[in-house]
Amino acid sequence: MKNRLDSNNITLAIQKKGRLTQYSIDLLEKAGLVIDTDGQKLYAKCRNFPLDIVFIRDEDIPYLVETGVVDIGIVGNNVVVEINALVDTRLPLDFGYCRLVIAVQNDSSVSSIRDLNNKKIATSYPRLVSQYLQKKKISVEIIQLNGSVELSPALNIASAIADLTSTGSTLAISDLRIIETLFESQAVLISQKKINNNKKQRLIDNLVFRFQAAQNAQKYKYIMMNAPQDKLKQIITMVPGLKSPTVTPLTTKGWVSIQTAIQEDAFWEKIQKLKQIGASGIIALPIEKLIT
Ligand code: ATP
C-alpha cells in the first residue's frame, strides 16, 4: 500500500470499521473534501486536496501517527490516553462521545469504588483504570480483556468492569449498574509532535482550519426575519449574530428585515421569543462553512 501513497500528500488514518468511521468520512465531506475510496475501504484519495486516507484499526492509529507512518489521525481520545501516545491533539471533533465507567452487577453488594479494594476488575483500558484507582488509593487486580468485557462479572472473571458507554444501554442489558465515571472522551484529530516538513505542516494547518469551519457551521443557523422597526434594539440584544445583524428597511413602513446567525443550542428558545416580540416570516437556513 505504501507505494500507493503520494509522498507529497499528507496521510490521514481513520478507523477502518466501527463507530467513528462514518463520522470521520462525514467530517471530511463537510470540510469540502471529495473522497474516492477503493471498494475494500483500505485506502482512499482526496480529489481536491493533497490528502491520502488509510483505514486502520483504531487502537493502531496513535502509534502510526507518533512514529510518522501517517501524518494525522482521527481516533477516540480514550485510545490516545490509554496508549500514552506522544502526539499532538489538534482538535476535539465533537463526535464519538463516550465515557469510561466502572460497573458492577445489579445485585452486587458493591456500592462505591472503595468496595472494590483487593477485588478484580476487567477492562480493555488497564492504564486509564489503574491510574484512576491508584490516585484514589484503591488497589485492584486488573484483568485485561479485548472484548466482551461486560460478560466478565457473570462469568465470575471479575467483580466489576471498566468499559466505554455512551447511552448506558449495553450495560443495562447486561444487568450492570454504573458506580463511577473515570474518563470522558470524544474523537480527536491528532498529529505527529514534531513535523520537520514545512509543506506538510502547512497542509495540516490548512486541514485543521477547514475542519474548524465545518464544525462552527454546524453550531449555527442563519436566520432571516421581518420585524417592526421599534423592536429592533430588543431583537439585536437577543440575536447579536457574529458581530451585529444585517438590517435592511422593508417597503412596508416601520418594518425591517434582519439577517443574523444564531447558535443551534439556543435556536428554538430564541425563535419562540422572537415571535413573541413580533418578528414574522422567520426563515432558518443551515450554514455550510463558518470562518470566525
Ligand atoms: P477497532 O475494532 O477499530 O479496534 P473498537 O472495537 O474499540 O475498535 P468501536 O467500538 O467502533 O471500536 O469504538 C471506537 C471508538 O468509539 C471508541 O474508542 C470510543 O472512542 C468511541 N465510542 C463512542 N461511543 C462508544 C461506546 N458506546 N462504546 C465504545 N466506544 C465508543
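Order of listing sets the numbers, starting from 1, for every ligand and every atom in it.
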**Student:** Can you tell me which residue pairs pass the side-chain hydrogen bond (donor to acceptor under 3.5 Å, both in side chains) test with a partner in residues 240-257, sequence neighbours excluded?
**Tutor:**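 Listed once each, the pairs would be none.
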**Student:** Would you say M238 and I277 make side-chain contact, with heavy atoms under 4.5 Å?
**Tutor:** yes
**Student:** What does the list of residues with a heavy atom under 4.0 Å from ligand 1 look like, ordered by chain and number?
**Tutor:** Q15, G18, R19, L20, R57, D58, E59, G76, N78, V79, G96, Y97, C98, Y125, L164, T165, S166
**Student:** State which residues pass salt bridge (charged side-chain N to carboxylate O under 4.0 Å, His left out) with R99; sequence neighbours excluded, sorted by chain then number.
**Tutor:** none
**Student:** Under 3.5 Å, sequence neighbours excluded: what are the donor-acceptor pairs made by side chains of residues 20-28?
**Tutor:**
from : atom 1 : to  : atom 2 : distance (Å)
T21  : OG1    : Q15 : O      : 3.0
T21  : OG1    : G18 : N      : 3.0
T21  : OG1    : G18 : O      : 3.3
Q22  : NE2    : D26 : OD1    : 3.0
S24  : OG     : L20 : O      : 2.6

**Student:** Decide whether Y222 and Q259 meet the rule of one side-chain donor and one side-chain acceptor closer than 3.5 Å.
**Tutor:** yes
**Student:** Salt bridge or not between D205 and R90? Use side-chain N to carboxylate O under 4.0 Å.
**Tutor:** yes
